[in-house]
Amino acid sequence: MRDSVTEQTIDNPQHEIFMRRAMELAGKAEAEGEVPVGAVVVLDGRVIGEGWNRSIGQHDATAHAEIMALRQAGKVVQNYRLLDAVMYVTLEPCPMCAGAMVHSRIGKVVYGAPDLKTGAAGSIMNLLSYEQVNHHVLVEKGLLEDECRAQLQAFFKRRRAEIKAAKQARKAQQ
């Protein structure tokens, strides 16, 4: 069995281009009031799927960036199996998204920031290489980590300030 969690070892300028695109997509999520996470699926150097978080707007708990990107990629290749494809995502996948990656047989996931609360690609658990599953996904972590983390932190800092201001406004009206 191959080791599925690796540090960033491939110095490939295309990696950064694809992750920056995922960050742009995360910006779309933020503009829609969603947690800013973006994902890009690449096959043979070509983007075949893109997604950003849309759970709130679509009233769909499964509308995470990764799921949206996998859905689009499957339609492009006319197959749910995405062997040899690479997913770039700004935040470490959650258990649901990691499970979808295993089922899609994606070859590799490259993520930016770790998710220390629900990360399922090595931080909290690693469903991508769980011994009993029938497919293991290679993991490359930490690509543009500081920038991906900063994007998320800025969103949550702003969101907390908005909630605090709304609470103070309600209190002042009483």
Side-chain angles (χ1 to χ4, degrees), residues 4-5 8 14-43 45-77 79-128 135 137-159:
S4 68
V5 178
Q8 183 177 342
Q14 291 242 301
H15 279 331
E16 188 172 321
I17 290 167
F18 295 130
M19 185 61 79
R20 289 205 183 280
R21 176 61 184 154
M23 292 177 70
E24 288 174 18
L25 296 169
K28 285 186 173 196
E30 185 169 5
E32 294 175 9
E34 305 273 356
V35 175
V37 177
V40 175
V41 178
V42 176
L43 182 63
R46 182 173 71 98
V47 174
I48 60 168
E50 295 185 332
W52 59 93
N53 275 359
R54 307 200 71 197
S55 296
I56 297 167
Q58 292 193 0
H59 311 290
D60 180 356
T62 68
H64 287 197
E66 299 96 321
I67 301 297
M68 305 302 280
L70 288 171
R71 287 176 182 161
Q72 188 179 71
K75 288 178 182 176
V76 167
V77 300
N79 195 335
Y80 76 94
R81 290 184 179 208
L82 300 169
L83 294 167
D84 301 320
V86 178
M87 177 177 289
Y88 295 84
V89 60
T90 57
L91 181 66
E92 180 180 1
C94 73
M96 175 185 69
C97 294
M101 289 177 201
V102 169
H103 285 292
S104 73
R105 313 297 197 277
I106 203 154
K108 182 178 184 178
V109 63
V110 179
Y111 72 83
D115 184 341
L116 303 178
K117 292 183 180 179
T118 64
S123 290
I124 301 301
M125 63 186 87
N126 192 348
L127 296 179
L128 298 174
H135 177 76
V137 180
L138 292 173
V139 175
E140 187 173 319
K141 57 186 177 176
L143 180 63
L144 301 178
E145 179 178 343
D146 293 340
E147 293 175 56
C148 291
R149 180 185 296 113
Q151 187 177 35
L152 285 157
Q153 287 175 335
F155 169 80
F156 285 113
K157 183 178 181 180
R158 191 186 81 249
R159 169 90 39 104

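Remember, it's a predicted structure, so these values are computed and weren't measured experimentally.
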How many angstroms lie between [atom1] in [X] and [atom2] in [Y], if you round to the nearest 0.5 Å?
{"X": "Arg20", "Y": "Leu144", "atom1": "CZ", "atom2": "CG", "value": "4.5 Å"}
{"X": "Glu145", "Y": "Arg149", "atom1": "CD", "atom2": "CZ", "value": "4.0 Å"}
{"X": "Met87", "Y": "Glu66", "atom1": "CE", "atom2": "CD", "value": "6.0 Å"}
{"X": "Lys117", "Y": "Cys94", "atom1": "NZ", "atom2": "SG", "value": "14.5 Å"}
{"X": "Met101", "Y": "Met96", "atom1": "CE", "atom2": "CE", "value": "10.0 Å"}
{"X": "Leu127", "Y": "Cys97", "atom1": "CG", "atom2": "SG", "value": "11.0 Å"}

Shortest non-hydrogen contact from [X] to [Y]?
{"X": "Met68", "Y": "Trp52", "result": "CG-O, 3.9 Å"}
{"X": "Met19", "Y": "Val89", "result": "CE-O, 3.4 Å"}
{"X": "Thr118", "Y": "Ile124", "result": "N-CG1, 4.0 Å"}
{"X": "Ile67", "Y": "Ala100", "result": "CD1-CB, 3.4 Å"}
{"X": "Val40", "Y": "Phe18", "result": "CG2-O, 3.9 Å"}
{"X": "Ala85", "Y": "Ile106", "result": "O-CG1, 3.3 Å"}

- Item | Worked verdict on Leu43 versus Leu82 for side chain to side chain contact (heavy atoms under 4.5 Å, CB included) | CA-CA 8 Å; Leu43 182 63; Leu82 300 169; over 6 Å; no
With a 4.5 Å cut-off on side-chain heavy atoms, are [Y] and [X] touching?
{"X": "Thr62", "Y": "Arg71", "answer": "yes"}
{"X": "Pro114", "Y": "Lys141", "answer": "no"}
{"X": "Leu116", "Y": "Ser123", "answer": "yes"}

- Message: Check this for me, if you would: do Lys28 and Glu32 make a salt bridge, where the nitrogen-to-carboxylate-oxygen distance has to be below 4.0 angstrom?
- Response: no
Mark yes or no for whether [X], through its side chain, and [Y], through its backbone, hold a donor-acceptor pair below 3.5 Å.
{"X": "Thr90", "Y": "Gly38", "answer": "yes"}
{"X": "Asn53", "Y": "Ala65", "answer": "yes"}
{"X": "Gln151", "Y": "Met23", "answer": "yes"}
{"X": "Glu34", "Y": "Gly57", "answer": "yes"}

- Message: Can you list everything that forms a ring pair (Phe, Tyr, Trp, His ring centres under 6.0 Å) with Tyr111? Sequence neighbours excluded, please.
- Response: none
- Query: Between Arg46 and Val76, does a side chain to side chain contact (heavy atoms under 4.5 Å, CB included) hold up when you go through it step by step?
  - Reply: CA-CA 11 Å; Arg46 182 173 71 98; Val76 167; 4.1 Å; yes
- Message: Applying salt bridge (Lys or Arg N to Asp or Glu O under 4.0 Å) as the test, list every pair that has at least one member in residues 79-105; sequence neighbours left out.
- Response: none
- Task: Take Val35 and Phe156, measure what side chain to side chain contact (heavy atoms under 4.5 Å, CB included) needs, and give me the verdict at the end.
- Result: CA-CA 8 Å; Val35 175; Phe156 285 113; 3.9 Å; yes
